[in-house]
There are 6 protein chains.
Amino acid sequence: MNSIKLESMLKQFFNEDIGDGDLSSEYLFSPLDQGSFSFYAKQDGIFCGAEIIERGFRLLDSTLKITLDKQDGDFVKAGESLDVIEGSLQKLLTGERVILNLIQRMSAIATAAHEAVMLTAGTKAKICDTRKTIPGLRMLDKYAVRTGGAFNHRSGLYDCIMLKDNHIAFAGSITKAVETARKKIGHTTKIEVEIETQAQLQEAIAAGVDIIMFDNRTPEEIKSWLKQVPGHIATEASGGITLKNLRAYAESGIQWISLGALTHSVQAFDISALVQPKGVISHVNC
Amino acid sequence: MNSIKLESMLKQFFNEDIGDGDLSSEYLFSPLDQGSFSFYAKQDGIFCGAEIIERGFRLLDSTLKITLDKQDGDFVKAGESLDVIEGSLQKLLTGERVILNLIQRMSAIATAAHEAVMLTAGTKAKICDTRKTIPGLRMLDKYAVRTGGAFNHRSGLYDCIMLKDNHIAFAGSITKAVETARKKIGHTTKIEVEIETQAQLQEAIAAGVDIIMFDNRTPEEIKSWLKQVPGHIATEASGGITLKNLRAYAESGIQWISLGALTHSVQAFDISALVQPKGVISHVNC
Amino acid sequence: MNSIKLESMLKQFFNEDIGDGDLSSEYLFSPLDQGSFSFYAKQDGIFCGAEIIERGFRLLDSTLKITLDKQDGDFVKAGESLDVIEGSLQKLLTGERVILNLIQRMSAIATAAHEAVMLTAGTKAKICDTRKTIPGLRMLDKYAVRTGGAFNHRSGLYDCIMLKDNHIAFAGSITKAVETARKKIGHTTKIEVEIETQAQLQEAIAAGVDIIMFDNRTPEEIKSWLKQVPGHIATEASGGITLKNLRAYAESGIQWISLGALTHSVQAFDISALVQPKGVISHVNC
Amino acid sequence: MNSIKLESMLKQFFNEDIGDGDLSSEYLFSPLDQGSFSFYAKQDGIFCGAEIIERGFRLLDSTLKITLDKQDGDFVKAGESLDVIEGSLQKLLTGERVILNLIQRMSAIATAAHEAVMLTAGTKAKICDTRKTIPGLRMLDKYAVRTGGAFNHRSGLYDCIMLKDNHIAFAGSITKAVETARKKIGHTTKIEVEIETQAQLQEAIAAGVDIIMFDNRTPEEIKSWLKQVPGHIATEASGGITLKNLRAYAESGIQWISLGALTHSVQAFDISALVQPKGVISHVNC
Amino acid sequence: MNSIKLESMLKQFFNEDIGDGDLSSEYLFSPLDQGSFSFYAKQDGIFCGAEIIERGFRLLDSTLKITLDKQDGDFVKAGESLDVIEGSLQKLLTGERVILNLIQRMSAIATAAHEAVMLTAGTKAKICDTRKTIPGLRMLDKYAVRTGGAFNHRSGLYDCIMLKDNHIAFAGSITKAVETARKKIGHTTKIEVEIETQAQLQEAIAAGVDIIMFDNRTPEEIKSWLKQVPGHIATEASGGITLKNLRAYAESGIQWISLGALTHSVQAFDISALVQPKGVISHVNC
Amino acid sequence: MNSIKLESMLKQFFNEDIGDGDLSSEYLFSPLDQGSFSFYAKQDGIFCGAEIIERGFRLLDSTLKITLDKQDGDFVKAGESLDVIEGSLQKLLTGERVILNLIQRMSAIATAAHEAVMLTAGTKAKICDTRKTIPGLRMLDKYAVRTGGAFNHRSGLYDCIMLKDNHIAFAGSITKAVETARKKIGHTTKIEVEIETQAQLQEAIAAGVDIIMFDNRTPEEIKSWLKQVPGHIATEASGGITLKNLRAYAESGIQWISLGALTHSVQAFDISALVQPKGVISHVNC
């Protein structure tokens, strides 16, 4: 992750929530009041967000003492403590919700990615994400996917050519589209193409693409068609793939499976905050 | 919504996805190539995001012709068209994913809010949101909640005093916390307090708070305790409320029910884009 | 105050004044030249701006040693020192004017607010501000009002419904306006309405507003009309109120008096800077 | 003025006031409701802020029809209309206060500048401003000073060398300070020096400065000392000058008089907004 | 190019030059004074910057009439006109230098890129750029390279793995570095590795990299070593390549040649502005 | 330099290069891996960029230990070390290119400025820059010019009136242009005028300008015409001046010579980075 960019994102997020001030904690407490604070998991899964906690709270108060009990990628069990933060009570209370909103999302993504990876164990299929991320959070969403053991597809429109059905329809054919793109791209950029039929598959192979994406095909179709694909072309399945049918896709022999649901349909990972009076600091295990 | 803020958010989101350029559409097509484009629903629900579509595509190309088939709050059926956009093919393809990511989330929130509202029909309970929104998207998340017929809780830390368990613990008691806050706030700001016991309820009433939130109480507890609350104090239930037990809470006599899941655990509403060659423009009904 | 927002405001203000460099101090002195520096009051009043001094100078040079002689809200007498700052002479000279411009304004507002509060002593009237603040400075203007012992009215258009004559005229009536607004707002938002006649007053009470603002009414009118207002509705006087007639308004029985002049017509509080050669550091008492 | 910078300032100011939305006008009115709107003066003076009105309202709604009755620098009488704006009622109401806050300040500055200019009529003294402007508003404050017929002193620390008492004290002497600065500055930058004694005056003249500022000197001192200043050196009086003693300074023969009060102690110019229902549009003369 | 990003870059650049105002054109002319304006080439080469001219001047004044005589990639001869712009004289004069600074640089880069491409005619070598661009201008620098007929290497650190000598030294070996990276990257990202010896070349081939870069090798070495590289691995020469020895490298059989000098050592392309009084508008051919 | 502005520039530049992450160094190394790092010169010249190195790397990692071997303005010989930086290997590798791009440009400008200054030794001519800087880098470009011993012309359109041929043509004459400008500018702003003929020279002198710029005149013309210029008017030569004919211009008696090529046509100064494994830290002298 780019920590300079992360810091400006965190500032934006805090400003969104704090506005001109946190009425509750500023009106109730003095900046000198001390306390300590733990986040702890209320479900099992993969933790993600250590740098969010550290940089986030430090932005609010650089003197806070932050101890992390878990690192990104660690498996956590319900009841386990993620961290202990000590210092200005006012700042602890002010920062809680924004940090929680982020790490609950990131841990949920990491956990979902990990679950998908587990479901494909023993096959050669690798799980990856899509561009179906929350606008403004792509860096964090994609980091969480990696934390869960999966991989990143392209970052945006700028780092890979992706020829979808619409591109192909307007360009006339896969052949023409690839030829046109190939004249302009440098050697560090790959070309991926979506195919839906065997004829398109043959055309894509002949056109010399780098990656072929089987769009909304059944595991059986994929298994059968893969035989035609030369070894130097990467293969990807996408469309209509859920945790239920994921294993069947993984066993088709496909190399990559992209899952939009990893980021577009996330159930917040359950984490709670426990503020403790000064003197009773402990790494919670509820 | 603040349209000046919306425009700067959309610019940020496009920059995130486009970076220094959309390799695929820029390398394949000329800025003069024309096409048309429809978003259409692939599930039933409440549409939300009309201004996102209009301002978003206009930012990319102010000459695009945009016709909306649905307005915010309209019920859409699977297969129905949401809009038709005509103009530069390059810009249509570039803008598609960011706009989709936003309106899929907003329509999902509106649909969930609507569903919750429907479940409480005939009771006096109103549904509202929380601060458990996606960082950077609060304005849109809360707009979508309203579009679905529900209401907004406070916008952030800055527009309502909210005394939670942690505030109360450190302040010493509800009485002290309310007294302290009351000395500092003006007459346009309300004080809400979380209570978990009948003793706290009595204390909150005596302290003269504006809103009492029953935190993680059963519908039965709420029903019983509500009798003690004077009419000028608003009442809210929160914590552990899902679509399954929502009706029971609504029938307890509570006035407000806040649901974090409306915004923190959203399944993207299913919407697809259909690009059409120039000349075949039609308002899709698949 | 939101310190993250404050820091970005201070950066903006320094950039406005410094541009690409402070020609005078950069061309005359080396970054290693040391000095010390005091702000001292040249009039009596309430000091406001401690965090401006600390964060402002630290942004220019994190190694400056800053000692505050006064805290926000302290009464200062002409000739008293506000602080001593030691370190890089270059940075002291560069930062002086921007910091002065801010703390002179904030101390002036705090002093004016305090004066208004004193004038209402013994009555139940509380003083509050308006949205007539300097664009870009609202957070600081409103903080200074609180520092002077007065209160904040709403922060902006986003945190309270305020139905003015124009809203009412277009909506048709107070009754209709309140009904329409009530259908959309959540339970954390209040509705305030401006009234100018007894008929409007009755309508507002019947409509169930939270706050009634007596717009440009005499103290006598207010005193007489207040008898009709039920205890749970807050009352506010506004329009044409100056320090001269403030006491009369305060004695009318009104609860809140809002004064635009606290922020829209401020005479800078007189503060000077005294730079001292290294070795002669002292907390000035001129 | 730099209109690109102005536009980004206006966006910032609107965002400060509107936040995530104008609850009152958005909840009461539809975007299609039409109305018209006039600002009119409630006191006599010099109007300043035409571009604020035009660009400001256009940012909120580019379809508003804006007719200006006065241009910057025009003399307005109490009761005269400044403009008529027609279009979306919602946007008119949303934009009113921010625009008023700006043009009330700018017209106040222009009026004060004009008053000072009038008081010096017949002398060769010209009035100018200082860096005692509101942080964030310098471009507008200085524009208003010019609109009132006065002149701008330097814009910031970056466009003129200004050797104040503190600079001189640390540099050792005026002679050394000027020599040091002269070695580094280009030919487009002037050097101004503050003097308080005749000895300093002689030293400044000998050092070859471009501008000599008589700091806190009486009109008599200035008149007497000016005889020693060669014609190619500009002269300025500053410190302790008010509208009461301004004429005496102007008659001393000084060329420039700088007045911090033009910008640091501004009484808002009295302007009101009158919203009219559609069909009753008129250029108000109350 | 991303036009949303371009617009914010242009605003930043204008603000840098204009500050609070263009003293010369604002003080001399009224906003209503009209004129026309041509840029014309004073040397032969490839023009680049059409969108800069159009968007740049439109940002200053959306009513300017802009006619382009040349498009990006066109060959221009000394004396030929690039455009005619008609409208507010004030805005023409204000915008001239910033636009010139940009299009002189971009045309210089395009011309240099074109020259390099011409020098390699008939070989299979393609020219590409590096990350040695001017900070803040990468999007424009790389666009100009494409305009001249050359290609883009990676955009930044984020879109291609590049294992340089330092990476390899610390990782231990090419083999280890590639293995480590391969475990983490998705299928859309390539791995390029720098090699300096035949042993490294063999190691890189065995490690399965996508691109091999011959760092500071002679054309002879490259020609000889290339025979060992399988067809599916791209090859690139870099380091110490100038226009003088470029042909020799191109004839070595290498596929890609990257030239830092295209962007890090640019001689501004000679373009002048000719402002004409209203009525004498003509497409200049000097 | 304004260090607050510098820091935000550096953040922008790092974000441009790093995007969402440095794939190579993040995927290969742990944040805990340590290393050390030297920049060393590969040519002779004037070093410029110490603050870039210090603030730049500190932004990436505030714990890096940075030792500078050279200060701005120091003469460096090929092979000499500029600095040693120790700490996180990951951050060293991430920051290298952006910092190099900046200090190579700044050192090149300083070296060119120094060369020009040397060529005019013994004359009274001083070298200065122009507004032909890279958009976004003006503060750094002009700082580098000063570091090389030359001077800055105006910073932008905002700090000096500059009447060029186009201004004069539209204003009608030099006399009218100067009169118009003089009515509006304050005493801290100078007026410079371009002249091309003796008649214009006489007109400019009579109009009382502060600086006369001889535009595209030969050294002989300048020498001859200078006799007519009174001592209090500064003189500048510009247009068509290169290192080859610079001496002739300097000997003409002109006071200032402005050179666009110092900034618009810069050949990057040759600097390389040498990363060393932990334990082998040394100040390189290659």
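First the proteins, then the strands, lettered A, B, ... as listed; each starts at 1. These figures come from a predicted structure and were not determined experimentally.
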Residue part contacting chain D, namely of E236(F), when any heavy atom lies under 4.5 Å: side chain
R247(D) with E251(D): basic N within carboxylate O range, under 4.0 Å: yes
Portion of I185(D) that has a non-hydrogen atom of chain F nearer than 4.5 angstrom: backbone
Residue part contacting chain D, namely of I161(F), when any heavy atom lies under 4.5 Å: neither
Atom group of H232(F) that falls short of 4.5 Å from chain D, counting heavy atoms: neither
Electrostatic pair D159(F):R154(D) at N-O distance under 4.0 angstrom: no
Min side-chain heavy-atom separation N245(F)-P219(F) under 4.5 Å: no
Choice from K190(D), H187(D), M162(D), E192(D) maximising heavy atom contacts with chain F below 4.5 Å: H187(D)
Residue, of N152(D), I211(D), T189(D), that accumulates the most heavy atom pairs under 4.5 Å with chain F: I211(D)
Residues R105(F) and D141(F) bridged, charged N to O under 4.0 Å: yes
Ring centres under 6.0 angstrom apart (Y249(F), F214(F)): no
